[in-house]
Amino acid sequence: MNPARVLAVVTPYTVTPGLMDALQVTVLVLVAAGATAVVLTRVSARQVIALSVYGLLLAVLFLTFQAPDVTLSELTVGAVALPILLLLTLAKVRRREK
Amino acid sequence: MQVFPFVVVAWILGVGLYGIVTSRHLVHLIVCLIIVQSSTYVLLLGVGYVTGAVAPYFFDVPVHTPAVDPVVQALALTDVVVEAAVTALLLALAVQAHKRFGTLDPNELVQLRG
Amino acid sequence: MNQLPALATVVPLLAAAAISALNPLLRARRRLLDGTAILTAAAVTVILIVLLVQTAHGDVVYWFGGFRPSHGVAIGIDYAAGPLSTGLACLAALLVTAAMIFSWRYFERIATYYHALMLTFLAGMTGFCLTGDIFDLFVWFELMGVSAYALTAYRPEERGPIQGALNFAITNSVGAYLSLSGIAVIYGSTGALNIAQIGRDIARHRPGGLVVVAFLLIITGLLIKGAIVPFHFWLADAHAVAPTPVCVLFSGVMVELGLYGVARVYWSMFGQALGHRSAITGAFLALGLLTTLVGALYCFRERHLKRLLAFSTISHAGMFLTGIALLTPLGLAGVAVYVAGHALVKAALFLCVGIVLHRLGSVNESRLHGRGRPLRYTGVVFTLAALGLSDLPPFATFLGKAWISGSGATHGMTWIIVIFVVASVLVGGAVLRVAGGVFYGLGDPPGEDQEMAREASEETGETEQGRQRTPLTMIAPAAVLVLAAIGIVFAPHLGPTVEAGALRFQDQTAYNATVLSGARVAHPAGIFLAEHAGITVADVVTGVGSAAGALVLAFLALYWRRLPVLRRGFEPGAGLVRPIQRFQSGVVNDYVTWIVVGLACLGGALAFSIG
Amino acid sequence: MTARQRLWAFLTGMAGLAAFYLWGLAGLPGFGAYPGPYGDIINRIALAQTNATGVVSAVNFDYRGFDTVGEEFILFAAATGVATVLRHLRGERERAARDEALGVNAPPTSEAVRMTALILAGPVLVLGWFLASHAQTSPSGGFQGGVVLATAFILVYLAGQFLALRRISPVDITDAVEAVGAGGFAAVGIAAVGMGLAYLTNFLPLGTIPGAVSSSGTIALISFFVGLEVGAAFILIVSELLEQTLLLREESR
């Protein structure tokens with residue numbers, strides 16, 4: 001453990017360092033699993049949903065890294081805007097295939 | 001715990017590149033490119049994290065409290081928008097590629113060879 | 001307050017935004033639209049020329065937002081405009097102006113998108129050249145990239161541009177994200193983003209694994225943009241299909257910007273930390289020479305005019321990396337002059353190919369055989385530029401090559417001149433074969449290679465309608481560029497000034513002092529002393545020899561059917577087509593695989609040199 | 001290369017690259033031990049110099065504002081690129097989507113979806129502007145605000161009113177709004193140059209209450225322009241793709 005274990009500020013919502021480590025490790029494992037899941041789903045439609053869930057997991061990870069700005073940005077872009085663009089492209093590709 | 005986040009970063013990068021190399025559908029390849037870029041966010045924010053520190057917003061906290069590095073978050077923000085921009089352009093190219101080639105398999109998308 | 005560095009990037013951005021905002025108004029008035037774009041590009045060129053004069057006796061440092069560094073720690077972003085970087089930015093602006101003049105009124109344009117993208121492309125290039133902040137370098141690298149992807153896919157009606165733009169975008173994006181990982185790693189260790197500050201901090205202790213990995217990751221994106229083997233595959237696909245004015249920018253300056261980035265990252269950040277180990281420079285020397293040969297071989301067997309010129313750019317990129325890897329001021333000065341000469345000559349060649357496409361509607365050498373006779377002026381300019389590409393003495397390309405090989409010879413590497421001559425003979429031979437065959441109908445049309453014919457046949461005209469007459473705005477820029485390539489050589493005491501600029505570029509302590517504490521360093525000192533930058537008789541002989549060799553090779557390539565003894569050797573590259581097609585496969589999965597494999601090998605080589 | 005050769009080449013290369021990458025990352029000072037002076041200095045001086053409590057926005061729009069100019073124009077170039085690539089090509093004529101031709105003016109969305117979409121469109125618009133205007137106060141900024149604004153447009157599409165909407169927000173207006181956003185940001189910087197200061201200097205008054213909406217000078221103004229530009233760029237990209245999907249464009253054979 002590195003020396004800076006003292007808590008910067010103690011509020012009713014402060015997460016104790018031990019709990020924060022555990023939280024970060026679990027979310028990191030989930031993010032790694034999410035990335036693998038997104039890459040391994042070959043059906044594009046399902047992959048977009050997996051990407052959206054992956055965006056959510058990343059947003060939670062950034063929250064545990066104390067980065068709310070990037071969390072909001074990852075939520076709006078990663079979990080919402082990109083999947084919409086992907087779905088529109090897939091709709092266009094599927095419509096032409098018919 | 002010291003190195004684990006960076007192992008996850010290396011894993012996401014490797015999986016993303018694996019997805020790109022073995023992809024047989026252009027939209028799948030573009031999503032794997034998004035995964036490769038997301039590895040840079042986790043690396044950037046992992047590098048700037050300070051254990052036991054608060055987020056860098058001093059609305060309700062005095063200024064000298066130890067806070068996480070804001071510069072890295074600004075870089076990650078810039079990156080998220082760059083990713084959206086490049087992905088939008090790639091998807092537009094994918095739509096036109098499907099019109100011209102009739103398929104989205106990178107192995108068939110070959111007009112210029114040799 | 002000297003505002004020139006900031007204006008060099010902001011003026012094109014503002015003009016692009018203004019043009020796009022007045023889209024409905026400007027869409028109808030084509031002349032006003034072209035005029036504003038040309039005016040902006042010319043204004044940026046003038047700004048950069050004035051800045052170049054100011055940097056003669058010291059880097060001009062400009063801190064954005066007024067956040068000057070306090071006791072050695074930079075909190076804002078800065079521009080550090082040195083003589084070489086401003087010169088390259090000025091060359092980029094000049095080429096953009098020439099490209100915009102070429103596309104005056106005849107180039108098929110849509111609303112104002114073409115002009116807005118060209119101006120953002122120019123802003124990305126000037127920002128990339130002048131910036132002194134490593135993350136800012138990545139941002140301008142991306143802006144250059146996105147504008148270039150869109151410009152490559154300018155004619156989505158055809159299959160070539162779509163495939164070229166996709167390969168270009170995916171490979172360069174992978175490179176950009178790896179560079180960003182490198183920036184994150186070096187930031188995690190030093191806590192700084194300013195190039196000078198990082199360089200000073202990492203030079204304090206022995207280079208560990210982190211410094212080597214950060215160095216290689218950061219230059220990954222730059223090596224991919226600089227089309228160095230094994231990262232070069234995307235270049236031929238993207239260059240062959242982009243519209244002609246865009247090809248001028250790709251071959252003329254965008255590839256060279258990638259190599260300038262490698263030189264800037266090495267000399268201003270990692271040079272002292274890595275201790276200028278010969279193993280590292282040896283690796284880059286080998287890469288440079290390998291690229292030179294691979295590019296030249298590909299170039300000689302190509303029948304698609306734009307692709308032929310693209311492969312010759314790869315070959316010249318290898319020569320530039322070789323010159324940089326010599327680490328001598330004369331070598332770097334040679335690279336600077338060679339880049340200038342090559343950009344002007346290559347731009348003229350691409351503009352002539354654009355005129356051929358405008359008048360004859362095709363870029364397939366076999367189909368164009370002898371049909372170029374009425375294009376007399378274009379033929380003259382093309383042949384002159386072809387001689388320039390094969391390093392004939394009065395051209396700046398000859399001067400640059402002479403200095404690089406001279407500097408290599410003084411450091412015991414005489415074999416560099418041999419490889420350079422072989423490459424220029426192959427490249428010059430291919431371009432002179434095109435000149436002789438297309439414009440003067442000499443010899444017999446080259447064998448019809450069905451694969452290449454299919455590619456080139458699909459090339460529809462890019463100008464609004466074929467014309468029987470070549471408009472002045474198309475031929476004039478080409479002629480001016482070729483004459484400029486000759487004019488450079490006669491500039492007064494060119495050698496000492498360019499070598500002084502190279503020395504200033506290579507002096508990291510002077511750079512740190514200028515950027516972080518604003519000190520004025522009169523006499524910068526690199527790790528090698530400045531050598532005499534003159535031209536010896538031997539140089540002239542090798543120059544004329546390589547040009548003569550190119551002429552002989554072109555002559556053989558044109559008349560091989562009538563020389564029975566040589567029949568086997570000169571079929572349209574029959575022997576080489578099969579293996580080359582396996583590598584240059586056009587499948588982006590292969591290109592990314594080559595990036596990963598190339599990185600692993602380069603990483604292993606650098607790790608041994610440090611570990 | 002065949003797929004098998006490519007896979008094996010990649011796996012060996014990736015093994016080497018991963019080992020090399022981790023060898024480098026091992027040199028980092030470890031997770032949670034940020035060494036650098038940059039972040040700590042900014043955390044200490046940001047509130048005093050820019051009166052903004054949201055330090056990340058202060059870095060984004062003031063200390064490293066020039067990065068954000070570059071990044072805005074990356075989005076501007078991408079949106080222009082999408083418009084170039086997906087433009088109405090010579091050989092294409094516009095034919096309304098098959099189901100559209102049958103008199104049903106949109107994919108049959110249920111009443112519930114249409115109702116919630118229309119109800120939510122207003123509040124989402126307000127949320128977008130709230131986020132864009134509170135850059136210097138709370139963890140939000142022009143980027144997130146802009147994307148939320150674009151989501152309002154997508155909600156209207158969900159309500160099946162795309163064709164109606166297409167008439168009132170033609171591409172030209174969105175193009176102009178996007179250009180005004182990006183151009184406005186660069187112009188704020190040029191205004192500083194006009195006053196003889198360095199580009200992008202924060203020359204507006206910083207206000208009294210730290211973190212108030214009207215505080216921290218140009219940060220609020222820049223965040224407004226960024227919100228405008230990001231929103232317009234995403235609306236342009238989504239509407240280009242929507243036009244491709246809903247209005248089939250077949251090459252006239």
Side-chain angles (χ1 to χ4, degrees), chain B residues 1-7 9-11 13-15 17-18 20-22 24 43 46-53 55-82 84-93 95-96 99 107, chain D residues 3 6-7 10-11 14 17-18 21-22 25-26 28 30-34 36 38-40 42-44 46-48 53-60 63-64 67-68 70-72 74-75 77-79 81-82 84-86 137-139 141 143 147 210-211 230 233-234 237 240-241 244 249 251:
Chain B
M1 186 53 197
Q2 290 273 303
V3 185
F4 180 66
F6 304 126
V7 171
V9 165
W11 170 263
L13 179 69
V15 161
L17 287 174
Y18 169 80
I20 290 178
V21 166
T22 55
R24 301 194 63 76
L43 178 63
V47 153
Y49 182 68
V50 177
T51 331
Y57 294 88
F58 302 110
F59 194 75
D60 47 8
V61 176
V63 168
H64 51 268
T65 41
V68 174
D69 169 30
V71 175
V72 188
Q73 296 182 11
L75 304 188
L77 264 174
T78 308
D79 248 351
V80 169
V81 179
V82 162
V86 171
T87 310
L89 192 57
L90 281 171
L91 289 176
L93 288 171
V95 166
Q96 288 293 1
K99 273 189 192 174
N107 297 312
Chain D
R6 191 184 306 151
L7 184 62
F10 169 75
L11 288 179
M14 196 59 217
L17 184 61
Y21 192 67
L22 285 172
L25 292 184
L28 282 171
F31 179 69
Y34 170 69
Y38 203 174
D40 309 332
I42 294 275
N43 277 334
R44 261 203 324 278
L47 191 71
T53 56
V55 178
V56 175
S57 298
V59 169
N60 241 338
Y63 290 101
R64 296 188 65 86
D67 274 352
T68 315
E71 177 252 315
E72 280 321 301
I74 289 174
L75 195 58
V82 166
T84 313
V85 171
L86 294 181
T137 322
S138 61
F143 310 120
V147 178
V230 171
F234 270 98
I237 291 170
E240 286 283 344
L241 283 167
Q244 285 288 327
R249 287 189 188 153
E251 254 124 45

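Letters A, B, ... are given to chains in the order of the sequence lines, protein chains preceding strands, and every chain is numbered from 1. The figures that follow rest on heavy atoms only: side chains count, while hydrogens, waters and symmetry mates do not.
With a 4.5 Å cut-off on non-hydrogen atoms, Ser138(D) touches chain B through its backbone but not through its side chain. At a 4.5 Å heavy-atom cutoff, the contact between Thr22(B) and chain D is made by side-chain atoms alone. At a 4.5 Å heavy-atom cutoff, the contact between Leu47(D) and chain B is made by side-chain atoms alone. Interface residue Pro56(B): backbone and side-chain heavy atoms are both found under 4.5 Å from chain D. At a 4.5 Å heavy-atom cutoff, the contact between Ile42(D) and chain B is made by side-chain atoms alone. Heavy-atom distances place the side chain of Arg64(D), and not its backbone, under 4.5 Å from chain B. Contacts of Tyr18(B) with chain D are made by both backbone and side-chain atoms, with heavy-atom separations under 4.5 Å.
Here the closest non-hydrogen pair linking Val56(D) and Pro70(B) is CG2-CB, 4.0 Å. Ala78(D) and Leu89(B) make their closest contact through O-CD1, 4.1 Å (heavy atoms, listed as atom of the first residue, atom of the second, distance). Across all non-hydrogen atoms, the minimal contact from Gly30(D) to Phe6(B) is C-CE1, 4.2 Å.
For the atom pair Gln96(B) CD and Thr84(D) OG1, the distance stands at 11.0 Å (nearest 0.5 Å). The CG atom of Asn60(D) sits 5.0 Å away from the OG1 atom of Thr78(B) when rounded to the nearest 0.5 Å. Here CG of Leu77(B) is found 9.0 Å from OG1 of Thr68(D). Values are rounded to the nearest 0.5 Å.
Arg6(D) places a side-chain heavy atom less than 4.5 Å from the side chain of Asn107(B). Residues Leu22(D) and Val3(B) fail the side-chain proximity criterion, which asks for heavy atoms closer than 4.5 Å. Using a 4.5 Å heavy-atom threshold, the side chains of Tyr57(B) and Thr137(D) count as separate. You'll find the side chain of Val71(B) stays beyond 4.5 Å of the side chain of Tyr63(D), heavy atoms only.
The main-chain N or O of Val68(B) is found under 3.5 Å from a side-chain atom of Asn43(D) such that the two form a donor-acceptor pair. Side-chain atoms of Thr51(B) come within 3.5 Å of backbone N or O of Gly32(D) as a donor-acceptor pair. For Glu71(D) (side chain) and Val81(B) (main-chain N/O), no donor-acceptor pair under 3.5 Å exists by modelled atom type.
Here Val85(D) is the residue among Val230(D), Ile237(D), Val85(D) with the most heavy-atom pairs under 4.5 Å with chain B. Chosen from Phe10(D), Phe143(D), Tyr38(D), the residue pairing most often with chain B at heavy-atom distances under 4.5 Å is Phe10(D). Of the residues considered (Val59(D), Val147(D), Val82(D)), Val82(D) shows the highest number of contacts with chain B, using heavy-atom pairs under 4.5 Å.
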task: Given side chain to side chain contact (heavy atoms under 4.5 Å, CB included), test Ile74(D) with Val86(B) step by step and report yes or no.
output: CA-CA 9 Å; Ile74(D) 289 174; Val86(B) 171; 5.5 Å; no

